Amino acid sequence: MRTLCLLIIIVATSSAHNFLDIVKNYVHSSGKEGKFTNNRYDFIIVGAGSAGSVLANRLSENKRWRILLLEAGYMPNFLNRIPIFVGYFQLTGFNWGYNVEPQKNACLGMINHQCAWPRGRGLGGTSILNYMIHTRGNKFDYDRWASLGNVGWSYADVLPYFKKSEKFNVPGIKNSSYHNENGYLCVEHVPYHTELATAFLNAGQELGYKIVDYNGQDQKGFSYIQANIGNGMRCSAATAYLEPINRPNLDIITGARVTKILIDANKQAYGVEYVKDNVWKKVTCSKEILLSAGTIDSAKLLMLSGIGPKEHLEELDIPVIQDSKVGYSMYEHVGFLGLTFMVNQSVSLLQSKLILNPSTLLEYVLYKDGPLSIPGGAEALAFMSTKYAPDERPDVELLFVSGSLHSDNGQVLRKALRLSDDLYDTVYKPIEEQDAWSIWPIVQYPRSVGRLTLQSKDPFEPPKMDPNFFSHPADVEIILEGVKYAINISRTKAFQAYGSRLHDLKIPGCEQFEFASDDYWRCAIKHLPSMMNHEIGTVKMGPPTDTFAVVDPQLRVYGIKALRVVDASIMPAMPTGHVNAGIFMIGEKAADMIKETWKSVL
Ligand SMILES: Cc1cc2nc3c(=O)[nH]c(=O)nc-3n(C[C@H](O)[C@H](O)[C@H](O)COP(=O)(O)OP(=O)(O)OC[C@H]3O[C@@H](n4cnc5c(N)ncnc54)[C@H](O)[C@@H]3O)c2cc1C
Ligand SMILES: *[C@@H]1O[C@H](CO)[C@@H](O)[C@H](O)[C@H]1NC(C)=O
Ligand SMILES: *[C@@H]1O[C@H](CO)[C@@H](O)[C@H](O)[C@H]1NC(C)=O
Ligand SMILES: *[C@@H]1O[C@H](CO)[C@@H](O)[C@H](O)[C@H]1NC(C)=O
């Protein structure tokens, strides 16, 4: 009923701005706060994101252990669980609001040449902002991790943890030996598909591709997305791993921003310093500090605590405890947002039709079905190998979206992506309220590598993130191949039934090129890249021989005792697809490693 009332309020106010105010004002904390904050803990976990939530759940299974979970943000309200609204939350305080440094070769169509790099702040972390697409990656991704010297991380080693994490419910493939129905994290197909998404799958078959379970035996092919959705609602890390448990040995403090890891003269971590409601506090523990603040903030916290590149820390007057390559090896999946195909029928997702439409609202409220259950229009995907693919792994992903950048009339995506007025007004404003679909081609093994550094030793200042997008030209060329696949898909019978045709207004800055020529697309890709927000690698895992490794294959920080990092930052190379499933796997696996370490100790 509460859902119904709020939805009715949304309809009544009927503007996205009012809706945003509702989101912003509806913040409440977890209600599980601080039962024994003055006591000593066994473990302190920093960050209740994808990985941190798993750790809190699995470690508190041991009733003898006392666990403290510190999270800078708060509990999002239930609107966060309605998939279609996914984009809105990027415009709220549930986003840390980071931007990358101005780019030379990318983000040229964004304000000040800076792409946004949203990160979730709240119980659930970035899994409260994400598009919920669940892809594990390719077998060879993990076999490669192992071949780099990461003992215990081969596909055979990690598959049991992928399975352990999931509550899989996709009819038809449920019984596969690759899946499990009894984990915490829901994985389902979105209950509703637009006709266009079905056309995408049909187009794939027309072109000779298979429909696959991309998390099973064979990744290459087409599929509806498998998503972290249960009964039509988002399953964030917190809904999956924290809400179902209520354990007296787990303390969760929201609104608690960690500023430093405390490390003694023996280089042993023993506690953290944090700020809550403007009060600085210290809390200690007897076993380990587990850093799960994500690729950006885990690296930042290590450096603030004296673990990082010596010269860089000295420059900022931070006493160096451990010289280490924190902040290097930063990779991100980048794609292209600018492939919009116009159609001649009313079949795409247009915000004006959805939010103001009582029948779609009612369908959702009553049955958790219909267009509101689609994560912001992302419906299906394909993995394929271009002529550049170096091995048998697919090197491009095509993400199918049953809308485009104009489908919300510029109210959300335009702002979330920092599109310049010139670009939006020239290319997208003229087609507002018109039906269209898009494909975002995404390069899978980016060669451009970035670096994260601190701007100062002030813990409240954001770090400096320079991903160096497209500094390696291969990344653009692979996306360009993806563009060509997408155009071929639009020419199939399946899509021609809707009269699909490429939207051909040129992107400002690329007028000198003939529309749809290779050079036009290269220019367009640099102007309108899509950040997939899959950043990894700033706290790279590797064997002792790897001079860029910050943590060992047990995720222990080299040179420091009792400190592990457990989140996306440890990934030594990009998995194929989206990263979140892999991060849940890392959380599950780390929990077992920690239990193993302490099994003979009370
Ligand atoms: C818009 C968007 C769409 C995405 N879509 C997908 C998708 O469809 N599929 C997919 O697989 N991936 C997707 N991702 C990426 C994926 O969600 C993230 O990679 C993943 O959630 C990161 O998990 P993590 O545990 O590494 O960090 P996070 O989930 O970011 O957790 C870090 C937590 O630490 C907290 N924290 C940070 N600093 C401090 C501090 N100093 N003190 C206390 N707490 C702190 C943060 O508030 C946060 O809660 C998307 C990301 C975004 C932004
Ligand atoms: C899955 O397994 C169950 C129990 O073994 C069986 O009843 C069901 O028919 C199977 N479903 C499919 C689609 O194979
Ligand atoms: C697209 O289709 C054309 C014509 O059939 C073909 O020559 C080309 O190789 C295809 N491109 C890709 C990337 O599949
Ligand atoms: C859309 O275009 C296709 C291809 O030209 C055509 O067959 C179809 O009749 C058109 N539909 C409408 C509703 O105009």
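All of these numbers come straight from a predicted model, not from anything done at the bench. Indexing begins at 1, ligand by ligand and atom by atom, following the structure's order.
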Going by the order shown, which atoms of ligand 1 are within less than 4.0 Å of some heavy atom of [X]?
X	answer
Met132	7 (C), 8 (O)
Ser127	21 (O)
Arg119	22 (C), 27 (O), 28 (P), 30 (O)
Gly122	47 (O), 49 (O)
Gly120	46 (C), 47 (O), 48 (C), 49 (O)
Gly294	26 (O), 27 (O), 32 (C)

Q. Just by distance, with hydrogens left out, do Tyr445 and Thr576 show a side-chain donor and acceptor under 3.5 Å apart?
A.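 Yes, side-chain donor-acceptor contact under 3.5 Å.
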*Cut-off 3.5 Å, side chains only: do Asp213 and Gln226 have a donor facing an acceptor?*
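A donor-acceptor contact under 3.5 Å links the two side chains.
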Tell me which protein heavy atom sits closest to [atom], plus the residue, atom name and distance to 0.1 Å.
atom	result
atom 15 (C) of ligand 1	Asn533 O, 3.3 Å
atom 4 (C) of ligand 1	Asn130 CB, 3.1 Å
atom 11 (O) of ligand 1	Asn580 N, 2.7 Å
atom 29 (O) of ligand 1	Thr126 N, 2.9 Å
atom 12 (C) of ligand 3	Asn488 ND2, 3.4 Å
atom 13 (C) of ligand 4	Gln345 CG, 3.6 Å
atom 25 (O) of ligand 1	Ala51 N, 3.0 Å
atom 38 (N) of ligand 1	Asp297 CB, 3.3 Å
atom 7 (O) of ligand 4	Ala497 O, 4.7 Å
atom 42 (N) of ligand 1	Val258 N, 2.8 Å
atom 8 (O) of ligand 1	Ile133 N, 2.9 Å

Going by the angle between their ring planes, with limits at 30° and 60°, are Trp145 and Tyr142 parallel, tilted or perpendicular?
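Trp145 vs Tyr142 ring planes: perpendicular.
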Fit a plane to each ring of Phe495 and Trp437, take the angle between them on a 0 to 90° scale, and name the class: parallel (under 30°), tilted (30 to 60°) or perpendicular (over 60°).
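Rings of Phe495 and Trp437: parallel, as their planes differ by under 30°.
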Short side-chain to backbone donor-acceptor contact, [X] and [Y], under 3.5 Å:
X	Y	result
Asp141	Pro575	no
Gln455	Pro462	yes
Lys276	Thr254	yes

Between [Y] and [X], is there a side-chain heavy-atom distance shorter than 4.5 Å?
X	Y	value
Val46	Glu71	no
Ile289	Leu262	no
Asp592	Glu588	no
Asn130	Asn533	no
Asn580	Ser127	yes
Tyr184	Lys164	no

N/O to N/O below 3.5 Å, does that happen between [X] and ligand 1?
X	result
Leu129	no
Arg121	no
Arg257	no
Ala568	yes
Ala581	no
Glu71	yes

| query | Checking ring pair (Phe, Tyr, Trp, His ring centres under 6.0 Å) against Phe200, which of Phe222, Phe341, Tyr485 comes through? | reply |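 Running ring pair (Phe, Tyr, Trp, His ring centres under 6.0 Å) over Phe222, Phe341, Tyr485 with Phe200 returns exactly one hit, Phe222.
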Who's closest to [atom] heavy-atom-wise, of [options]?
atom	options	value
atom 10 (C) of ligand 4	Val343, Val347, Asn344	Asn344
atom 32 (C) of ligand 1	Ser53, Gly73, Ala293, Ser236	Ala293
atom 43 (C) of ligand 1	Pro118, Ala256, Gly47	Ala256
atom 3 (C) of ligand 4	Arg501, Lys493, Gln496	Gln496

message = For Tyr224 together with His193, are the ring centres under 6.0 Å from each other?
response =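 Yes, the ring of His193 comes within the 6.0 Å limit of the ring of Tyr224, centre to centre.
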Taking the six-membered ring for Trp and the single ring otherwise, decide whether the centroids of His578 and His134 are under 6.0 Å apart.
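That pair fails the under 6.0 Å test.
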Checklist entry - Heavy-atom contact under 4.0 Å between Gln90 and ligand 1? => result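 A heavy atom of Gln90 does come that close to ligand 1.
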Open item on the list: Heavy-atom contact check, 4.0 Å cutoff: does Trp96 meet ligand 1?
Closed with: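 Contact check Trp96 vs ligand 1: positive.
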Among all the protein's heavy atoms, is there at least one whose distance to atom 5 (O) of ligand 3 comes out below 4.0 Å?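 Protein heavy atom within 4.0 Å of atom 5 (O) of ligand 3: absent.
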Which bit of [X] gets closer than 4.0 Å to ligand 1, counting heavy atoms only: side chain, backbone, both or neither?
X	result
His134	neither
Ser292	backbone
Glu535	neither
Ile583	side chain

Does NZ or CZ of Arg121 fall inside the cone over Trp96's six-membered ring, less than 6.0 Å from its centre and within 45° of the axis?
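The answer is yes; both the distance and angle limits are met.
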Are Lys484 and Trp521 in a cation-pi contact, defined as NZ or CZ under 6.0 Å from the six-membered ring centre and within 45° of the axis?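 No - Lys484 does not lie over the ring of Trp521 by the 6.0 Å and 45° rule.
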State the SG-CD distance between Cys235 and Glu243, to the nearest 0.5 angstrom.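 Spacing of SG (Cys235) from CD (Glu243) equals 9.5 Å.
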Quiz prompt | Those atoms of ligand 4 less than 4.0 Å from some heavy atom in Gly499 | solution =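 Reading through ligand 4 atom by atom, the close ones are 1 (C), 2 (O), 3 (C).
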